[in-house]
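Reviewing the structure listed below.
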Amino acid sequence: MTETPQPTVLVVDDTAMMLTMLSAMLKPLYRVRVANHGERALTAARANPPDLILLDVTMPDMDGYEVCRQLKADAATRDIPVIFLTGLSDAADERRGFEVGAVDYIVKPFSEPVVLARVRSQLALKASRDAVRRQAAQLAQQGQAMRHMLDHSPVGTAFSVAGVFTDVNPAFSALFGVKVGDADDAIYLDPAQRQDLLARVAAHGAVRHHEVQLRSLSGEPRHGLLTMMDFVHEGAQGVMEWVIDISDRVRMERMKREFIATVSHELRTPLTSIRGSLAMLAKGVGGALPSGAASLVDIAHRNSERLILLVNDILDMEKLEAGRMEFAIGAVNVAALVHQALETQRPYGEALGVRYVADGDIDGLALRADANRMQQVLANLLSNAAKFSPRGGLVTLAVSSTPETVRLEVRDHGSGIPEAFRHRIFQKFAQADASDARAKGGTGLGLSITQAMVERMGGRIGFTSEPGVLTVFFVDMPRSSTPSH
Amino acid sequence: MESTLQRILYVEDDDDIRAVARLALEAIGGFELAVCENGLQALERAESFEPQLMLLDVMMPGLDGPTTLARLRDIPSLVGVPAVFMTAKVQPSEVASLREAGALDVIAKPFDPMTLADTLRTIWGRRLV
């Protein structure tokens with residue numbers, strides 16, 4: 001705040017002696033201007049409004065009442081406080097003074113301290129009035145700026161009090177056809193969902209970036225990101241809500257996923273016959289092959305297998321991301337799960353010179369999951385472990401449990417996970433080193449799919465790794481009390 | 001009732017997949033096949049062929065797999081003959097609806113031709129359970 005300049009007092013009196021005396025009294029405290037005639041006083045006040053006017057009543061040509069009346073009639077001078085200083089001591093005179101707009105009335109002869117005190121108090125009042133006025137103007141300006149922002153915001157914004165919209169910006173109206181005064185239910189959001197969201201706002205103060213299905217003015221379904229908040233708006237307590245229309249983005253994402261799903265699915269038909277033919281050629285079903293041809297067929301066969309894995313992984317990923325992967329959750333017998341996982345994986349380990357063993361007390365233990373997806377999870381972890389193990393290495397599938405959880409651990413003593421890679425190991429197409437010949441055997445989706453499946457089944461996956469010593473991937477699944485198949 | 005699986009009615013509209021599966025079932029499996037390109041052919045040939053197992057593709061133009069199976073089961077001699085579908089769509093709900101359509105089991109595509117015959121024998125072995 002800047003320092004307030006010394007207030008200016010305009011003294012108006014037709015007597016030179018009075019002017020001199022009052023000037024002398026006020027000068028130590030204020031800037032003093034003088035006028036000895038009504039007209040001159042008006043001109044001076046209009047040209048440069050003082051903070052206060054001390055006005056004599058009895059003057060030739062134009063008396064103080066008339067001067068005051070004209071001051072009050074002019075917007076430029078209306079707010080200047082006027083104190084009459086007069087020899088007229090009648091109650092009627094005094095009343096007239098107040099009627100024409102004076103703030104005070106001092107009867108001559110006056111005492112100096114009284115005049116100074118009254119001037120000071122009127123100046124203080126004016127200063128605080130001016131401050132309030134300035135703040136109000138500032139607030140009005142800010143309000144206008146806020147309104148401007150709201151009216152031109154591309155984000156649909158609405159305010160409701162007790163279930164009725166009291167403010168709605170054009171973006172919101174354009175999207176949903178909602179007007180001020182409309183009830184806030186059954187308009188653009190499923191009423192039950194709205195009640196649920198309002199309850200959450202009541203409990204937590206706000207709901208942020210909640211993805212919702214909306215209904216537009218034309219009735220077509222749209223997708224939005226909704227934020228709702230307890231809010232005081234123009235003095236009323238209510239709920240402010242902001243809606244960002246993300247329908248286009250959602251549609252593009254769905255089209256992309258459908259495209260990927262369709263292409264991948266269509267790829268499987270030719271792949272079925274390519275892989276089938278190559279598998280039989282490689283095994284000599286079509287007759288013995290010359291050794292050169294046999295190795296080429298073997299390469300083609302292996303890579304057709306890999307292509308199938310990739311297509312399967314892409315389809316799985318798409319299903320997971322679209323929330324369309326189904327899980328038949330039930331009690332899964334851990335002994336059977338472990339046995340089958342190791343049996344299925346054995347040939348893969350043998351090809352890499354890696355042995356699989358089970359560890360832990362698994363009798364009668366059961367977990368809750370989808371048995372087939374659990375097999376897929378273990379197959380991913382077991383094949384990864386073998387892939388990164390040295391020839392002659394050992395991969396252990398260890399089981400432990402608490403009353404709530406069954407933990408499955410896949411342990412290997414291979415090259416481990418480089419520090420720099422750890423934070424993105426579960427990301428899609430993340431491989432530590434694309435040039436690693438062994439890593440190339442994978443699709444880059446395995447761990448990402450594994451994590452998503454484990455989490456969808458209510459489990460948790462993680463790892464610890466000391467390269468070259470011990471790497472452990474663990475999966476915690478809810479324990480089942482019904483030891484079923 | 002015969003104790004070994006010998007005669008399979010096979011329906012598949014894709015020429016190449018049909019050729020691969022035929023080789024896998026005849027040359028590797030040693031089965032006797034009635035190979036059909038569509039549901040109508042299967043309906044024509046099924047009764048006289050007297051299959052022990054019916055292996056059907058699911059998505060086919062004209063009569064799809066489940067419809068073909070329903071029509072085959074209208075033939076009195078085929079009512080108890082186990083059926084297996086081959087499909088790329090093997091989500092739990094998809095498999096469940098194929099079982100409801102009367103399949104004893106479902107084999108996922110792409111299938112492994114080297115183990116297809118054994119898989120069918122195993123499934124067929126469960127037919128009375």
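To find a chain, count down the sequence lines: A is the first, B the second, and so on, and within it residues start at 1.
Of the listed residues A/Thr269, A/Leu271, A/Leu315, A/Asn372, the one with more heavy-atom pairs under 4.5 angstrom with chain B than any other is A/Thr269.
Between A/Glu318 and A/Arg324 there is a salt bridge, since a side-chain N of the basic residue sits under 4.0 Å from a carboxylate O of the acidic one.
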Salt bridge (charged side-chain N to carboxylate O under 4.0 Å, His left out) between A/Arg456 and A/Asp370: does it pass, once the steps are laid out?
CA-CA 10 Å; A/Arg456 287 288 305 277; A/Asp370 175 313; over 6 Å; no

Pair B/Arg18-B/Asp14, salt bridge (charged side-chain N to carboxylate O under 4.0 Å, His left out): steps then yes or no:
CA-CA 6 Å; B/Arg18 210 164 55 234; B/Asp14 187 282; over 6 Å; no

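For chain A, the nearby parts of B/Asp16 are the backbone and the side chain; heavy atoms of each come within less than 4.5 Å. For B/Met86, no part lies under 4.5 angstrom from a heavy atom of chain A. Both the backbone and the side chain of B/Ile17 come within contact range of chain A, each with at least one heavy atom under 4.5 Å from a heavy atom of that chain. For B/Ala27, the part lying near chain A is the side chain, with the backbone staying farther off; criterion is any non-hydrogen pair under 4.5 Å.
Side-chain N or O atoms of B/Glu37 include none that pairs as donor or acceptor with a backbone N or O of B/Asp13 at under 3.5 Å.
In this structure, CG in A/Leu445 is found 11.0 Å from CG in A/Asn312, a value given to the nearest 0.5 Å.
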